[in-house]
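The sequence lines fix the lettering, A, B, ..., with proteins before strands; numbering per chain opens at 1.
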Amino acid sequence: MEFGPYLMLASLEGAVTAAVLALTAVGLSLVFGVMRVVNVAHGEFFMLGAVLAWWIATTMGGHPAAGFAAALIVAPILVGVIAAAADMTILKRVDYDPERTIVVTIGLLYIIQQLTLMTYGPEARPVEPPFNTRLALPWIEWGENGLGLYWPWGLSTTTYKLAVIGAAAVVLIGVWLLMTRTRIGLVMRATQLDREMAQAFGIPVERIYALVFGLGAALAALGAVLIVPIQQAHYLMGGDPLLLSFIVVIIGGLGSLPGTVVAAILIGMSDGIISVFFTPTLAKILATLLVALVLVFRPQGLFGARPA
Amino acid sequence: MTLLGARMLSKDFGGLHAVRNVDIDVPEGQIRALIGPNGAGKTTLIGLICGRLAPTSGTVRFADQDISHLPAHRRIRLGIAYTFQITSIFDRLTLHENVALAVRRLGGDPATEVPAALDRVGLLQHQRRLAGDLSYGHQRLLEIAMGLAQKPRLLILDEPTQGLSDSEIDAFKALIRDLKSETTILLIEHNMSVVMETADIITVLNFGEVLAEGTPSAIRANPDVQAAYLGTG
Amino acid sequence: MLELQHIDTGYGSAQVLRELSLTVQSGEIHCLLGRNGAGKTTTMKAITGLMPLWAGRIVLDGAEIGALPAHERAKTGIGYIPQGRRLFTELTVAQNLEIGLMTRGASGAVRDRVLDLFPRLRERLHQRAQTLSGGEQQMLATARALCIEPKVLLLDEPTEGLQPSMIDAIRTVITRLRDAGTAILLVEQRIDAVLSVADRVTFIENGRGRETLAARDLHAQDTIIERYMGV
Amino acid sequence: MTETQKSLALHFGLLALLFALQFILPAYHHGNLSRIMVLATYAIGYNLLFGYTGLLSLGHAMFFAAGMYGMGLMIRHLGFTPAPALLIGVLAGLALSAAVGALALRTTGVAFMIVTLMFAQAGYLIILYFGEWTRGDEGFVIQQVQRSLWGIDLSDPTARYFAAWMLFSACLALSLWLIRHPFGRTLIAIRENESRAQMLGYDVFRHKLGAVVLSGTISAAAGAAYALLFGYAGASFATVQYSILPLLWVLLGGAGTLIGPFLGTLFTFYLIDIASAFTTAYMLVVGIVLVALTLFARQGIGGEIRARLWNWLP
């Protein structure tokens with residue numbers, strides 16, 4: 001394949017990565033924004049979403065679409081409930097102290113991961129996509145008859161991949177509307193801006209925290225359900241999304257939702273594209289070092305405003 | 001000789017002028033009080049002098065040296081000691097270790113100098129206790145002992161008598177008078193009896209600017225000062 | 001009527017309030033005076049539940065509320081105007097009021113009444129709170145607390161950093177509320193600002209309540225003011 | 001006895017006990033204890049930064065691995081003998097910790113944790129990237145013939161135990177001396193109240209950098225010794241898991257106590273050892289212990305002993 005079509009293919013793959021990453025990172029960003037804590041177990045909630053999706057789809061049987069639809073609804077809810085329970089039993093008791101929260105969520109990470117290993121096992125298992133029609137894509141080229149279209153071999157995507165991108169966009173718009181247009185969103189933002197004053201005005205901050213923590217985990221789980229038909233569910237699959245979400249949230253400016261989405265698209269796309277031209281390991285090394293340096297020299301993120 | 005001199009010192013926070021064009025000169029050996037209503041910029045001004053805050057403009061000189069660009073710890077090393085307004089001590093260390101940290105930085109011998117400093121503020125019998133277990137008033141005295149142990153050329157005391165009982169305040173006044181021969185003192189204080197009885201010169205700040213400067217009796221008689229404090233002429 | 005009975009509280013292991021007792025009657029402006037660090041703001045936070053009660057009782061209209069968590073306490077009718085206003089800065093004026101209205105499920109009529117008290121806020125409903133001037137922010141903080149329809153209103157240094165015309169406006173609203181039967185607890189540094197509006201004054205020193213006097217008796221007693229305020 | 005004498009008696013008593021144990025322990029536990037002493041040395045290094053300076057790093061595996069690979073690669077590719085290779089391993093840790101410290105210390109709190117985590121992750125990936133030399137995840141074995149130091153075969157259990165004991169003793173004695181030294185006292189002061197330490201005239205940044213370098217160098221020494229004594233270097237020692245483990249050991253044993261790192265390492269080692277007899281998911285134990293410690297016993301074993309029994313415990 002020539003360079004042009006190759007780049008287009010890479011961008012399409014990158015867009016799928018970016019879509020799922022945006023969901024996962026927005027979940028992490030929401031938790032950080034409202035609660036001011038870093039959830040290191042976020043990647044494990046992603047993994048749980050994928051594993052539960054496999055479990056639900058397999059239990060349902062029947063047409064793949066039915067199983068997948070059930071997983072799409074049930075898995076994020078289940079994961080959200082588990083996360084909310086973890087918040088109420090553990091995080092609340094360390095008073096959301098930032099450093100202690102990191103340590104307990106590291107503990108949670110191991111607990112979730114290892115319990116999954118004990119029950120689900122070490123295998124990677126696929127979930128069948130509900131629909132998956134291959135779409136060949138055209139490329140424009142100067143030919144003998146001037147500008148013309150042709151269909152290079154290998155340049156294609158599937159209806160499912162396009163649906164993932166669409167679904168992520170819809171959910172992200174939904175989150176945005178929830179935060180800006182609804183009462184519960186208003187309450188969450190008030191809690192984020194001044195926890196004490198929120199309490200002084202009757203907002204049950206503890207319940208809001210449990211809700212936000214659950215919502216953040218559910219978003220990660222949703223991203224995972226969307227990706228399992230493309231990747232497989234495995235008990236160690238949480239590491240990469242965690243690292244990439246961290247990178248996205250930091251580049252996008254800690255706690256800023258629009259910044260997070262922009263950064264997710266940037267990182268997801270460039271991860272896809274760089275991986276085509278460099279080895280994925282080198283790409284990750286560069287990205288990781290870049291993020292560390294961003295935190296050192298521009299802690300408000302690339303898109304965040306410098307506080308006065 | 002002028003020990004501390006600030007010229008046209010200003011500090012803005014966002015749009016707020018916390019300190020505006022302040023000139024202040026403290027000669028060696030003087031006890032200078034800095035007073036003013038809440039929010040007048042006293043603590044901000046002190047922060048600029050010790051380097052805890054960076055000025056928006058202006059310069060600070062100390063002992064014939066421009067210290068405007070030195071970080072806080074370098075200024076301290078030149079002989080400025082600072083006691084915090086909101087007590088800032090090492091809660092989980094003993095009183096002895098709190099003061100020893102001050103002594104050791106100067107290369108002194110903690111075994112002799114620590115008890116001496118604690119004795120001056122009347123805390124010697126508590127030296128093995130943890131600082132966090134002291135009452136608030138005693139914690140303030142510990143702050144002063146840490147300041148003394150640094151043998152400073154300039155001792156800055158930020159509201160040292162806050163939380164002290166009447167008898168402790170009397171002891172504090174005696175201590176300040178006693179220190180006059182050893183060091184220069186810059187005292188931020190709300191308690192007027194302390195200010196009037198100990199200060200040589202009083203500088204009054206209001207809305208970030210110097211409103212008046214003079215001897216205690218002159219300040220007491222100054223109608224602008226009364227207006228600033230009491231809001232009535 | 002709000003009653004504090006022998007309350008103790010503090011941060012971590014440091015005790016701030018010691019057996020503080022205080023009564024604020026409905027329809028009175030009761031002022032807390034004392035030096036920096038004496039425990040005035042802590043008293044307010046203890047009433048709102050933002051500081052845990054170590055000992056003692058807080059009684060509002062005959063009901064003990066000291067054990068309620070902070071968010072439940074607001075629903076009993078305690079309106080809080082904290083020092084430094086502490087608005088939800090990135091939210092609009094309307095949204096700040098909305099938070100106040102939600103506390104006790106107040107109606108649109110309450111919102112209208114509150115906005116009638118502060119017409120300038122009505123003009124700025126969709127402006128973000130942080131873009132308001134200092135005086136307007138204080139109005140919003142007051143309005144937000146009034147959306148609770150409070151039985152007790154706690155004001156912590158409401159005139160700090162305001163120009164005289166704003167101070168007058170705030171004072172007018174406070175006296176109107178008092179006349180309508182609200183119990184008002186006020187913390188102020190500027191004594192003149194206090195003496196002209198307060199009915200009674202309590203001095204607080206090292207976390208203990210010392211003396212409670214009628215404000216009109218205070219004019220004659222400069223020594224008391226000097227003792228507790230150090231002015 | 002004065003408190004100083006008590007503390008010296010306790011710590012040198014522990015060293016004497018460990019020395020004596022080699023003559024009575026069965027082979028299995030004998031081998032374990034060698035390993036535990038090397039890992040406890042790593043924990044001592046971690047504790048200097050976390051327990052005594054109050055800086056929580058999530059990236060110490062990079063220092064451990066710097067020592068391990070700094071030493072191992074010299075032997076494997078350049079044919080170094082163990083002594084200079086060990087030195088290079090330690091120097092690699094020193095250089096890396098100075099560079100990482102100078103950057104990461106510009107941040108505080110959570111940002112410091114994440115920056116160290118990121119640097120360590122980059123370090124792990126670099127080891128994978130240069131798989132030709134490092135053999136990546138698979139790692140490489142250091143042959144028995146290459147593990148002879150001054151004529152002593154370090155693959156021999158007795159020699160290995162003694163070497164591990166020497167390393168552990170040296171680092172324990174060093175930290176015992178350090179926390180009585182003004183530099184160590186100042187680190188404690190910074191942990192307790194950073195702005196106060198600064199306003200007493202201490203250069204906080206330089207002290208913190210000193211702590212990072214010391215901590216990183218001791219960690220590197222442990223990493224180098226581990227590879228040399230047990231004959232293997234692998235990328236798994238550079239993963240996040242190996243940054244979390246010293247945190248766990250120190251939290252469990254008691255952060256800011258000298259004996260804590262050893263107690264925590266000993267306890268965790270046997271806990272995982274026992275758990276892995278029942279399940280492959282033995283890291284579950286680590287997770288549960290981390291959560292339980294954070295919730296119920298923030299001071300760890302050493303901290304509880306200090307709070308309840310011996311208030312002189314340094």
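Counting heavy atoms of neighbouring residues, nucleotides and ligands inside a 6.0 Å radius, atom CZ of B:R52 exceeds 12 of them. The environment of NZ in B:K151 is sparse: at most 12 heavy-atom neighbours from other residues, nucleotides or ligands sit within 6.0 Å. When the shell of 6.0 Å around CZ of D:F269 is examined, it contains more than 12 heavy atoms from other residues, nucleotides or ligands. Within 6.0 Å of the CZ atom in D:R206, the count of heavy atoms belonging to other residues, nucleotides or ligands does not exceed 12.
Side-chain contact between D:E192 and B:E97 is absent, with no heavy-atom pair separated by less than 4.5 Å. Two residues are said to be in side-chain contact when any heavy atoms from C-beta on lie closer than 4.5 Å; D:V204 and B:H73 fail this criterion. Under the 4.5 Å side-chain criterion, counting only non-hydrogen atoms from C-beta, B:L93 is in contact with D:I188. Here the side chains of D:F205 and B:P71 are not in contact, with every heavy-atom distance at 4.5 Å or above. Here the side chains of D:Y202 and B:I76 are not in contact, with every heavy-atom distance at 4.5 Å or above.
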Chi angles and distances behind the side-chain contact (heavy atoms from CB on, under 4.5 Å) call for D:M199, B:S88: CA-CA 10 Å; D:M199 292 314 282; B:S88 179; over 6 Å; no
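With a threshold of 4.5 angstrom between heavy atoms, B:R75 does not approach chain D through any atom at all. Proximity to chain D is absent for every atom of B:A81, based on heavy atoms less than 4.5 angstrom apart.
The backbone N or O of D:P182 lies less than 3.5 Å from no partner atom in the side chain of B:R104, so there is not a single donor-acceptor pair. Judged purely by atom type and a 3.5 angstrom limit, D:R196 has no side-chain atom pairing as donor or acceptor with the backbone of B:F90.
Atom CG in D:N193 sits 8.5 Å away from atom CD1 in B:I89 (nearest 0.5 Å). The CG atom of D:D203 lies 9.0 Å from the CZ atom of B:R74; values are rounded to the nearest 0.5 Å.
Comparing B:R105, B:Q150, B:M146 by heavy-atom pairs within less than 4.5 Å of chain D, the highest count is held by B:R105.
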